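Below you'll find the structure, written out as structure tokens, and then a few comments.
Any value given below was found using the heavy atoms of this structure, including those in side chains, with hydrogens, waters and symmetry copies removed. Because the structure is predicted, anything quoted here is derived from the model rather than measured. Sequence lines set the chain letters: A, B, ... in the order given, protein chains first and strands last, and positions in each chain run from 1.
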Number of protein chains: 2
Amino acid sequence: MLSKKAKYAINALVHLAKQYEKGPILISDISEQENIPQKFLESILLDLKNAGILSSKKGRGGGYYLIKAPEEVNLADVMRLFDGPIAFLPCVTYKYYERCEECIDEATCGIRQVFYEVRNETVEILKRSSLAAIIKKEQLLSDQ
Amino acid sequence: MLSKKAKYAINALVHLAKQYEKGPILISDISEQENIPQKFLESILLDLKNAGILSSKKGRGGGYYLIKAPEEVNLADVMRLFDGPIAFLPCVTYKYYERCEECIDEATCGIRQVFYEVRNETVEILKRSSLAAIIKKEQLLSDQ
DNA sequence: CGTATTTAGCCTTTTTCGAGAGCAATTTTC
DNA sequence: GAAAATTGCTCTCGAAAAAGGCTAAATACG
């Protein structure tokens, strides 16, 4: 399962993407409207800022805002930022590869093969799920 | 990522499946050959026994053995046993459904749609990955 | 300049995971 | 029936996740 951090991050990002280029949004607004504990949200937004996805402004009229285009932020990146690898096993991860300590022969490991396939399918779906794509899906759903 | 418990469980099950119907196997043998901490493995095997997948015999000549056919034990079931839901969000799980507390409208949630698709693909792959299927894959790999 | 607003950083608490120690219970064998 | 072999059970410990509290720093506005 996703960590709360990652889940909240995605919700906050979608929220900000809906108001892209409309100026800074208050943490407290996001917290209230998305039902995210405020203190927790603060550290999440800070992480997203340090990752170069958001920027912030202090003082009156301040808040957080998206600096990447909603088309360019996808769920795979956000999940990796907060929860690390997406794959189920370290030996099939893309950016965090590590041998399974207990593994005897990676080359002939049938378990690895299965999870390699799972990872590929998963990452493919997540990569094409940008903030823009998610917002589009929501519009389609509410137009029905 | 999989918990160590689930990963070790899968390795132990594949080990036992390779010796299906050849009598009880010692915990210590599995522990050594699969590089799994023995005490940890003990509790894992016990869980698998309580789940009706393994059975055990005490005393000399004792150990653990598979009571389900290797074709009938798949990775989705084992993962759910140890790590709970396979899906990334509680609102798209099959057997453990729960509303996301912070969610505003599940019916129009674009995030949910994405993770619903991921779950479906993932579970499909894991369901068809039985112990027998994994062993077959390993044989194909080592015959190359 | 000073005050209100808002983000930034640090410290504490509670729960769960990974691992191991030690002892108890059960079965076989002699 | 005693001893050896093996599984079964209960604690404990450290690290990480999920919060929440409190104070500092920066900025805007009158």
Side-chain angles (χ1 to χ4, degrees), chain A residues 1-12 16 23-32 34-51 53-67 79 81-85 88-90 96 98 100-102, chain B residues 1-12 16 23-32 34-51 53-67 79 81-85 88-90 96 98 100-102:
Chain A
M1 298 264 279
L2 281 190
S3 69
K4 297 258 184 178
K5 224 168 180 172
K7 190 162 48 148
Y8 291 157
I10 294 171
N11 277 288
L16 289 172
I25 312 287
L26 289 180
I27 293 181
S28 56
D29 282 1
I30 307 176
S31 162
E32 280 166 31
E34 300 292 335
N35 292 318
I36 303 173
Q38 178 155 346
K39 282 309 286 183
F40 204 20
L41 180 58
E42 286 175 21
S43 75
I44 291 166
L45 294 175
L46 200 54
D47 287 343
L48 288 168
K49 178 184 173 182
N50 292 332
I53 297 173
L54 301 182
S55 190
S56 68
K57 210 181 149 191
K58 291 188 179 185
R60 169 170 288 174
Y64 275 94
Y65 53 95
L66 206 56
I67 50 175
M79 287 170 60
L81 182 61
F82 289 97
D83 291 354
F88 282 115
L89 293 180
Y96 302 82
E98 226 174 286
C100 289
E101 318 148 31
E102 76 280 6
Chain B
M1 298 265 281
L2 280 190
S3 70
K4 297 261 183 176
K5 225 170 180 172
K7 191 164 46 149
Y8 291 156
I10 295 170
N11 276 290
L16 289 172
I25 313 287
L26 288 181
I27 292 182
S28 56
D29 282 1
I30 307 177
S31 162
E32 280 167 32
E34 301 291 336
N35 292 319
I36 303 172
Q38 177 155 346
K39 285 309 286 187
F40 204 21
L41 180 58
E42 286 176 20
S43 74
I44 292 166
L45 295 175
L46 199 53
D47 286 343
L48 288 167
K49 178 184 173 181
N50 292 331
I53 297 174
L54 301 182
S55 190
S56 68
K57 207 181 153 192
K58 290 189 178 185
R60 168 168 287 177
Y64 274 96
Y65 53 94
L66 205 57
I67 49 174
M79 287 170 60
L81 183 60
F82 289 97
D83 291 353
F88 282 114
L89 294 180
Y96 301 83
E98 225 174 288
C100 289
E101 317 150 30
E102 76 279 6

A:Leu46 CG to D:dA24 C1', in whole Å, measures 14 Å

If you pin A:Glu42 and A:Phe82 to their nearest nucleotides in DNA chain D, which one's is more 5'?
A:Phe82

Would you state whether a donor and an acceptor, one from the side chain of A:Lys39 and one from the base of C:dG9, lie under 3.5 Å apart?
yes

If you compare all heavy atoms of A:Ile36 against all heavy atoms of A:Asn11, which two are closest, and at what distance to 0.1 Å?
CD1-CB, 4.4 Å

A:Lys5 side chain, from C-beta outward: closest of C:dT28, D:dT27, D:dA18
D:dA18

Comparing A:Arg60 and A:Lys49 on DNA chain C - which has the more 5′ nearest nucleotide:
A:Arg60

Taking the side chain from B:Asp83 and the backbone from B:Leu2, do they hold a donor-acceptor pair closer than 3.5 Å?
no

Starting from P on C:dG18, measure out to CG on B:Asp83 and report it in whole angstrom.
7 Å

Minimum-distance nucleotide to B:Lys58 side chain [options: C:dT28, C:dT7, C:dA25]:
C:dA25

What is the distance from CD1 of A:Ile44 to P of C:dG9, rounded to the nearest Å?
16 Å

Interatomic distance where CG belongs to B:Leu41 and P belongs to D:dT7 [whole Å]
9 Å

Atom-pair distance (NZ on A:Lys57; P on C:dT7), nearest Å:
12 Å

Partners meeting side-chain hydrogen bond (donor to acceptor under 3.5 Å, both in side chains) with B:Glu101 (sequence neighbours left out)
A:Lys4

Select one nucleotide: of D:dA19, D:dT7, C:dG18, the one nearest the side-chain heavy atoms of A:Lys4.
D:dA19

Could you tell me which non-hydrogen atom of A:Ser55 sits nearest to which non-hydrogen atom of A:Lys49, and how far apart they are?
CA-CG, 4.3 Å

Nearest to the side chain of B:Ile27 - D:dT7, C:dG20, C:dG18?
D:dT7

Examine D:dA19: is either OP1 or OP2 under 4.0 Å from a nitrogen or oxygen in the side chain of A:Tyr8? Give yes or no.
yes

Find the distance B:Ile25:CD1 to D:dA5:C1' and express it as a whole number of Å.
16 Å

I want to confirm an ordering. Mapping B:Leu26 and B:Asn50 to their closest nucleotides on DNA chain D, which one lands closer to the 5' end?
B:Leu26

Taking all atoms of both residues into account, what is the closest heavy-atom pair of A:Gly61 and A:Pro24, and its distance?
O-CG, 3.6 Å

Which part of the nucleic acid, if any, lies within contact of B:Leu45, taking any heavy atom under 4.0 Å across all strands shown: a base, the sugar-phosphate backbone alone, or nothing?
nothing

Please state how far atom CG in A:Asp47 lies from atom P in D:dA19, giving the value in whole angstrom units.
15 Å

Please tell me which of the listed nucleotides, C:dG9, C:dA19, C:dG20, lies nearest to the side chain of B:Phe40?
C:dA19

Starting from P on D:dT6, measure out to CD on B:Glu32 and report it in whole angstrom.
12 Å

Answer with base, sugar-phosphate or nothing: what part of the nucleic acid does B:Lys7 contact at a heavy-atom distance below 4.0 Å?
nothing

